[in-house]
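Some notes on the structure that comes next.
In this chain, numbering begins with 1 at the start of the sequence shown.
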Amino acid sequence: MAKQNVAEQFVDILVRAGVRRLYGVVGDSLNPVVDAIRRTPDIDWIQVRHEEVAAFAAGAEAQITGRLTACAGSCGPGNLHLINGLYDAHRSMAPVLALASHIPSSEIGLGYFQETHPDRLFAECSHYSELISNPQQMPRLLQTAIQHAVGQGGVSVVSLPGDIASEPAPEKAWETALVTSRPTVRPGDAEIDALVRMIDAADRVTLFCGSGTAGAHAEVMQFAERVKSPVGHALRGKEWIQYDNPFDVGMSGLLGYGAAYEATHECDLLILLGTDFPYNAFLPDDVTIVQVDVRPERLGRRSTLGLAVWGDVRETLRCITPRVRAKTDRRFLDRMLKKHADSLEGVVKAYTRKVEKHVPIHPEYVASVLDELADDDAVFTVDTGMCNVWAARYISPNGRRRIIGSFSHGSMANALPQAIGAQFTDRSRQVISMSGDGGFTMLMGDFLTLVQYDLPVKIVLFNNSSLSMVELEMLVAGLPSYGTTNHNPDFAAIARAAGAYGVRVEKPKQLAGALKDAFKHKGPALVDVVTDPNALSIPPKISREMVSGFALSAGKIVLDGGVGRMLQMARSNLRNVPRP
């Protein structure tokens with residue numbers, strides 16, 4: 001049996017760790033690893049057109065499966081292209097191993113062609129970033145990188161010079177059992193006791209939930225029922241907590257709707273569950289706040305806490321729910337549920353009147369029809385910008401659907417590459433990319449990846465020929481919009497020229513049929529929907545001081561628009577409110 005080289009050993013360890021695909025673009029320093037993959041049946045090389053897409057795709061696959069995924073780039077400019085997608089994966093806590101191949105080891109530090117220092121460059125967007133400068137470091141260094149990515153949730157980067165990859169691997173390699181899943185974290189007894197006392201002492205409790213409530217829906221509902229608490233959520237918590245939720249009061253933040261803002265400000269105890277909600281301007285400063293999070297470094301960095309609880313949301317609630325006294329007073333909960341329903345009644349009307357005749361098409365209408373026609377277990381990938389608004393307000397979670405976006409990093413152009421990674425996990429599952437024309441054109445070259453692999457991703461392109469979220473930011477800041485207009489082609493024609501299904505929709509009555517036909521198509525499809533660039537209704541009074549990036553220092557609902565089927569849910573919840 002031929003002796004393994006370092007590249008072959010590298011690939012074998014990835015397979016042992018559960019990696020099924022390596023996304024990337026080939027290049028000379030990367031060739032030994034790509035060749036090892038070619039000869040290894042349990043892992044595939046996925047050829048993309050841009051390394052940024054490789055990182056986004058790996059991050060999306062990790063979020064869908066919960067398993068370690070991998071991407072790679074060749075030396076210098078090749079692996080530098082990974083950085084934006086890796087930032088997104090890291091901030092999304094997606095376990096991703098990135099291989100940054102490197103220039104010849106003898107030339108490092110001498111200004112060689114394409115020289116960079118990837119072990120330094122990726123330090124900020126990873127838990128671990130190290131250089132293999134000697135074959136004897138294998139496999140320990142790679143195993144350590146994997147443990148960091150899986151154990152801490154995020155990115156690890158291994159830099160590997162091409163010449164080292166081709167050298168013989170150590171004969172007696174140190175191989176340990178690999179950690180491929182994370183444990184649960186239970187809070188300490190002192191924190192549990194303190195939290196129980198605070199809940200029992202509070203008259204009005206509100207829960208605000210983030211992505212850390214994944215897998216804890218039942219526990220959150222049981223706890224909310226016991227303490228009669230309204231339940232609001234951040235955008236990343238929507239898919240995990242909004243469905244089958246009789247305590248739902250909507251979402252807070254720039255894209256917020258409903259009564260979440262009021263519920264978080266009018267309680268006397270606010271419990272933040274698994275959320276690193278960045279917009280502290282929307283959090284109260286005169287309410288006692290408890291934060292529960294599995295990442296201790298996140299505790300208290302947004303607001304002053306009355307108690308910090310280090311633990312999984314599910315384990316924490318399992319510990320405290322049986323111990324807290326059941327509350328019987330529903331007045332605060334019922335008042336918030338009514339405010340929530342009234343708020344949604346007020347904003348939904350603008351986009352339910354004569355929308356079938358409005359040209360250009362209301363993007364809200366597109367999102368609502370999409371929500372109705374999509375599969376119950378569809379995966380939606382969502383571009384940053386106004387597509388975030390439409391997904392937040394119109395895509396209805398049900399416990400089976402997934403909604404993935406660059407919700408923490410806020411990168412443009414994420415939806416198409418994330419759809420690639422999501423679709424590779426299951427070709428039979430419906431994957432829909434809600435793309436803006438700005439984001440789509442930024443990485444449009446990888447539409448060809450869909451065609452090359454015949455991935456049945458459906459792209460619904462919200463084409464308003466503008467960067468409308470940026471226009472909103474300018475308008476709110478008192479600036480005239482400038483540099484935000486796109487001169488766009490017929491994207492459906494481009495899709496057809498590339499060998500995919502493409503259809504352009506300019507009238508509302510064409511929309512449902514076009515979406516149905518695209519969804520029936522067995523391969524990749526693009527629906528180019530010409531939407532109204534003036535769909536936003538901005539509150540009449542808003543000051544420059546109210547805006548800092550995406551955060552508002554005051555205000556309850558920033559964007560006045562429809563809210564889809566959430567109104568029906570709010571009305572249904574109101575019917576369950578006991579009458580005197």
**OP:** Sequence neighbours left out, what pairs pass ring-ring contact (aromatic ring centres under 6.0 Å, His included) with at least one residue falling in residues 100-127?
**Re:** His90-His127
**OP:** Look at the side chain of Thr531 and the backbone N and O of Pro363, then say whether any donor-acceptor pair between them is shorter than 3.5 Å.
**Re:** no
Subject >> Heavy-atom side-chain proximity of Tyr87 to Glu124 below 4.5 angstrom >> reply: yes
Original post:
Side chains of Arg49 and Gln452: donor-acceptor distance under 3.5 Å anywhere?
Top reply: yes
Cut-off 3.5 Å, no hydrogens considered: what does the side-chain donor-acceptor table look like for residues 30-37, sequence neighbours left out?
{"unit_1": "Asp35", "atom_1": "OD1", "unit_2": "Arg38", "atom_2": "NE", "d": "2.9"}
{"unit_1": "Asp35", "atom_1": "OD1", "unit_2": "Arg38", "atom_2": "NH2", "d": "2.8"}
{"unit_1": "Asp35", "atom_1": "OD2", "unit_2": "Arg39", "atom_2": "NE", "d": "3.1"}
{"unit_1": "Asp35", "atom_1": "OD2", "unit_2": "Arg39", "atom_2": "NH2", "d": "3.1"}

**OP:** For Arg21, enumerate each residue passing the salt bridge (Lys or Arg N to Asp or Glu O under 4.0 Å) test, keeping only those at least two apart in sequence or located in another chain.
**Re:** Glu61
Subject >> Beyond-backbone contact of Val313 with Glu219, side-chain heavy atoms, under 4.5 angstrom >> reply: no
Subject >> salt bridge (Lys or Arg N to Asp or Glu O under 4.0 Å) against Arg427, all qualifying residues, sequence neighbours excluded >> reply: none
**OP:** Of all the heavy-atom pairs spanning Cys387 and Phe462, show the shortest one and how long it is.
**Re:** SG-CD1, 4.0 Å
Original post:
Will you find, in the side chains of Tyr453 and Gln47, an N or O donor that is under 3.5 Å from an N or O acceptor?
Top reply: no
Subject >> side-chain contact (heavy atoms from CB on, under 4.5 Å) against Ala374, all qualifying residues, sequence neighbours excluded >> reply: Ala378, Phe380, Arg401, Gln430, Ile432
Original post:
Is there a donor-acceptor contact under 3.5 Å from the side chain of Lys238 to the main chain of Tyr243?
Top reply: no
**OP:** Please list, chain by chain and in numerical order, all residues satisfying salt bridge (Lys or Arg N to Asp or Glu O under 4.0 Å) with Arg314, sequence neighbours excluded.
**Re:** none
Original post:
Can you list the residues that meet the ring pair (Phe, Tyr, Trp, His ring centres under 6.0 Å) rule with Phe447, with sequence neighbours excluded?
Top reply: none
Subject >> Polar side-chain atom of Gln147 near backbone of Val150 as donor-acceptor pair, under 3.5 Å >> reply: no
Subject >> Donor-acceptor pair, side chain of Lys458 and main chain of Val527, under 3.5 angstrom >> reply: no
Subject >> Residue pairs involving residues 136-169 (criterion ring-ring contact (aromatic ring centres under 6.0 Å, His included); sequence neighbours excluded) >> reply: Tyr128-His148
Subject >> Side-chain touch Thr275/Gln291, heavy atoms, less than 4.5 angstrom >> reply: no
**OP:** Could you tell me which residues satisfy salt bridge (Lys or Arg N to Asp or Glu O under 4.0 Å) with Arg20, sequence neighbours excluded, listed by chain and number?
**Re:** none
**OP:** Can you spot which of Val185, Thr184, Thr316 makes a side-chain contact (heavy atoms from CB on, under 4.5 Å) with Val294?
**Re:** Val185
Subject >> Side chains of Val96 and Cys71 in contact at under 4.5 Å (non-hydrogen atoms) >> reply: yes
Original post:
Looking only at side chains, do Asp119 and Ser159 share a donor and an acceptor under 3.5 Å apart?
Top reply: no
Subject >> Approximate separation, where rounding is to 0.5 Å, of Ser465 OG and His487 NE2 >> reply: 9.0 Å
Original post:
Quick one: does Gln63's side chain get under 4.5 Å of Ser92's, heavy atoms only?
Top reply: yes
Original post:
Taking NZ, NE, NH1 and NH2 as the nitrogens, is one of them in Arg400 or Asp375 under 4.0 Å from a carboxylate oxygen of the other?
Top reply: no
Subject >> Euclidean distance, Asp383 CG relative to Leu461 CG, rounded to 0.5 Å >> reply: 9.0 Å
Original post:
How would you list, by chain and number, every residue that makes a side-chain contact (heavy atoms from CB on, under 4.5 Å) with Ala492, sequence neighbours excluded?
Top reply: Asp490, Arg496, Arg504, Asp528
Subject >> Close side-chain approach of Leu370 to Trp390, heavy-atom, < 4.5 Å >> reply: no
Original post:
Under a 4.5 Å cut-off applied to non-hydrogen side-chain atoms, are Arg429 and Arg402 in contact?
Top reply: yes
Original post:
Is there a donor-acceptor pair under 3.5 Å between the side chain of Asn79 and the backbone N or O of Ser74?
Top reply: yes
Original post:
So which pairs with a foot in residues 30-77 pass ring-ring contact (aromatic ring centres under 6.0 Å, His included), sequence neighbours left out?
Top reply: His50-His81
Original post:
Does Glu107 reach the main-chain N or O of Pro104 with its side chain, forming a donor-acceptor pair under 3.5 Å?
Top reply: no
Distance-only donor-acceptor pairs under 3.5 Å for side chains of residues 406-420, two or more places apart:
{"unit_1": "Ser406", "atom_1": "OG", "unit_2": "Asp88", "atom_2": "OD1", "d": "2.6"}
{"unit_1": "Ser406", "atom_1": "OG", "unit_2": "Gly410", "atom_2": "N", "d": "3.0"}
{"unit_1": "Ser406", "atom_1": "OG", "unit_2": "Ser411", "atom_2": "N", "d": "2.9"}
{"unit_1": "Ser408", "atom_1": "OG", "unit_2": "Arg236", "atom_2": "NH1", "d": "3.3"}
{"unit_1": "His409", "atom_1": "NE2", "unit_2": "Asn84", "atom_2": "OD1", "d": "2.9"}
{"unit_1": "Ser411", "atom_1": "OG", "unit_2": "Asn84", "atom_2": "ND2", "d": "2.7"}
{"unit_1": "Asn414", "atom_1": "OD1", "unit_2": "Thr384", "atom_2": "N", "d": "3.2"}
{"unit_1": "Asn414", "atom_1": "OD1", "unit_2": "Thr384", "atom_2": "OG1", "d": "3.4"}
{"unit_1": "Asn414", "atom_1": "ND2", "unit_2": "Val382", "atom_2": "O", "d": "2.7"}
{"unit_1": "Asn414", "atom_1": "ND2", "unit_2": "Gln418", "atom_2": "OE1", "d": "2.9"}
{"unit_1": "Gln418", "atom_1": "NE2", "unit_2": "Asp88", "atom_2": "OD2", "d": "3.4"}

Subject >> Side chain proximity check, Leu235 to Met251, heavy atoms < 4.5 angstrom >> reply: yes
**OP:** For residues Asn486 and Asp437, report the shortest heavy-atom separation together with the two atoms involved.
**Re:** ND2-OD2, 2.9 Å
**OP:** Please check if the side chain of Glu51 supplies one atom and the backbone of Ala72 the other of a donor-acceptor pair under 3.5 Å.
**Re:** no
